[in-house]
J.: 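Pasting in a structure now, in structure tokens, and then I'll have a few things to ask.
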Number of protein chains: 2
Amino acid sequence: MSQARERGIPDATVARLPLYLRALNGLAERGTATVSSEDLAVAAGVNSAKLRKDLSHLGSYGTRGVGYDVQYLIYQISRELGLTQDWAVAIVGVGNLGRALANYGGFVSRGFRVAALFDADTSVVGERLVGMPVEHIDELEDVIRTRDISIVVIATPAAAAQPVADRVIASGITSILNFAPVVLNVPDGVDVRKVDLSTELQILAFHEQRKADRESGSPIMAENLAEAMDA
Amino acid sequence: MSQARERGIPDATVARLPLYLRALNGLAERGTATVSSEDLAVAAGVNSAKLRKDLSHLGSYGTRGVGYDVQYLIYQISRELGLTQDWAVAIVGVGNLGRALANYGGFVSRGFRVAALFDADTSVVGERLVGMPVEHIDELEDVIRTRDISIVVIATPAAAAQPVADRVIASGITSILNFAPVVLNVPDGVDVRKVDLSTELQILAFHEQRKADRESGSPIMAENLAEAMDA
DNA sequence: CGCACTTTGTGCATGTCTTCACAAAGGGAT
DNA sequence: ATCCCTTTGTGAAGACATGCACAAAGTGCG
């Protein structure tokens, strides 16, 4: 049995568990009862050895010669990720992105509940969205405490992000999902995850450029030497 | 000098270059002419040794005893990321998320231009957004070719994402930014980057749960829950 | 010029992540 | 019960990433 359930799941593994969970939910919907690491790995788009090692960090939940019980594995991963409880989430900033997030089905479905919406713009305050009224940012501290919010999503313009972060941290929040394109300055013990649209595009552009270079470009590359000389 | 500009910048480095670029742009706006690796590292939220090693992969652009010239470094990173040219981007799926993306200032500002918007819903087609009409998804292949689109952003519902991916790849696209919560199946040579809202939340929940466990919790409880589930 | 000071660029050690490859474990058929 | 087949869980090796610590390189002052 070894040290399977000792605390300390690698970050890289934690980052992939949601992926496995989604693949498993897909299988469950199609009525699949058990799945091998090989099949699940394909569904999740990873290498099967990696998948097995990842799952081994949670415990020994497979059956040799058979595979993993889909429902049981869903439960185990959900529990490990903390999705067997409900997390109350607040969204700050109700622009297009905030609306997209609020409407996003995946939020509500599994473990997360949008419990508050905030904006600084008084022409938006009062509007109802997914059954919730948009509240003024002045209510932030009160609402976080009274509604037991534990995760805050920042979807404000860049300039507003740091002040909002400071305020929610002062109210006891230690988990922030930041969509604003700034590096948030936070004290130890506060987790910030950043989702950045333009960063992702820039990484794509880098690879796209390299592909273009490879095709038409560098005379130094051996494959192209012959053609370069023909010209 | 050594082998600075040989091809092969580590992925981890590429992923951080956009971060440095943003920090540098912030400094440039405030009129800073040069910056040390230490100060830039703080602005970008990384370790200064890592920053220097990352930059060393691009070449030797610093001056010992002084630091880096802000404007020059901005140019060098931009060039490496391929931002000195304009990339025509198409957004497929004009729901709240698609609108948020289209309106997002960061897109246009630096190297990227929204050149087409598509949706399958005929009640959305024809609407104008950031000066572009929303076009019907049937036009996808034609527009990609005639407008020289090189990057496609998928912001559709989950079920539509794979068919859209298949079609854009058949039209010659090799760079996709996917916001739909599915693993896209693509041939070799096609780059897909995935942005997943619920994955990020789940990772936060994991860490939040661990913080809670550490304060108040018995580590044995989890084991018992699992057994209760078996019954 | 020479010296003191700053800051880069990098060799090296350390740590983390990935992948291979296989022994051990279970299922099912005869 | 025995054998064969499938599939897990993991030790070990390799690849990759990080961070320390310092020599080399530059600035500017006296």
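Sequence lines set the chain letters: A, B, ... in the order given, protein chains first and strands last, and positions in each chain run from 1. Just so we're clear, the structure is a prediction, and the values are computed from it rather than from any experiment.
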J.: Does a side-chain N or O from Y68(A) land closer than 4.0 Å to OP1 or OP2 of dT6(D), or not?
T.: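 Answer is no, no contact under 4.0 Å.
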J.: Could you state the atom-to-atom distance from CG of L73(A) to C1' of dT7(D) in whole Å?
T.: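 After rounding, the gap between these two atoms is 15 Å.
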J.: Would you kindly compare D54(A) and V35(B) by the position of their nearest DNA chain C nucleotide and give the one closer to the 5′ end?
T.: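 The residue closer to the strand's 5' end, by nearest nucleotide, is V35(B).
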J.: What is the distance from NZ of K50(B) to P of dG9(C), rounded to the nearest Å?
T.: 18 Å
J.: Please report the distance, rounded to the nearest Å, between NE2 in H57(A) and P in dT8(D).
T.: 17 Å
J.: Over how many whole Å does the gap from D69(A) atom CG to dG26(C) atom C1' extend?
T.: 15 Å
J.: Would you please say whether a donor-acceptor pair under 3.5 Å links the side chains of D166(A) and Q162(A)?
T.: yes
J.: With DNA chain C as reference, determine whether S36(B) or N47(A) sits nearer its 5' end, using the nearest nucleotide of each.
T.: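 Between the two, 5'-proximity favours S36(B).
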J.: Checking the side chain of N25(B) only, and the main-chain atoms of L21(B) only, is there a donor and an acceptor separated by less than 3.5 Å?
T.: yes
J.: Measure the distance from CG on L51(B) to P on dA17(D) and round it to the nearest whole Å.
T.: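 These atoms are roughly 16 Å apart.
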J.: Between S150(A) and D148(A), is any side-chain donor less than 3.5 angstrom from a side-chain acceptor?
T.: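 S150(A) vs D148(A): no donor-acceptor pair found between side chains.
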J.: What integer distance in Å separates L55(B):CG from dG9(C):C1'?
T.: 10 Å
J.: What N/O pairs connect the protein and nucleotides 22-30 of chain D at under 3.5 Å? Give each pair on its own line.
T.:
{"residue": "dA24(D)", "atom": "N3", "partner": "R64(B)", "partner atom": "NH1", "Å": "2.7"}

J.: Output yes when at least one side-chain N/O atom of S37(A) is less than 4.0 Å from OP1 or OP2 of dT8(D), else no.
T.: yes
J.: Would you give the length of the straight line joining atom CZ of F206(A) to atom CD of E80(B), rounded to the nearest 0.5 angstrom?
T.: 5.5 Å
J.: Rounded to whole angstrom units, what separation is found between the CG atom of D11(B) and the C1' atom of dA15(D)?
T.: 13 Å
J.: Is the centre of the Y72(B) ring less than 6.0 Å from the centre of the Y61(B) ring?
T.: yes
J.: Do you see a donor-acceptor pair shorter than 3.5 Å between the side chains of R79(A) and T84(A)?
T.: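 No, no side-chain donor-acceptor contact under 3.5 Å.
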J.: At under 4.0 Å between heavy atoms, what does A49(B) touch on the DNA or RNA strands: base, sugar-phosphate, or nothing?
T.: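 Counting heavy atoms under 4.0 Å across all strands, the contact made by A49(B) includes a base.
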J.: Does dT10(C) have its OP1 or OP2 closer than 4.0 Å to a side-chain nitrogen or oxygen of K53(B)?
T.: no
J.: Answer yes if the side chains of S175(A) and D191(A) hold a donor-acceptor pair under 3.5 Å, and no otherwise.
T.: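 No.
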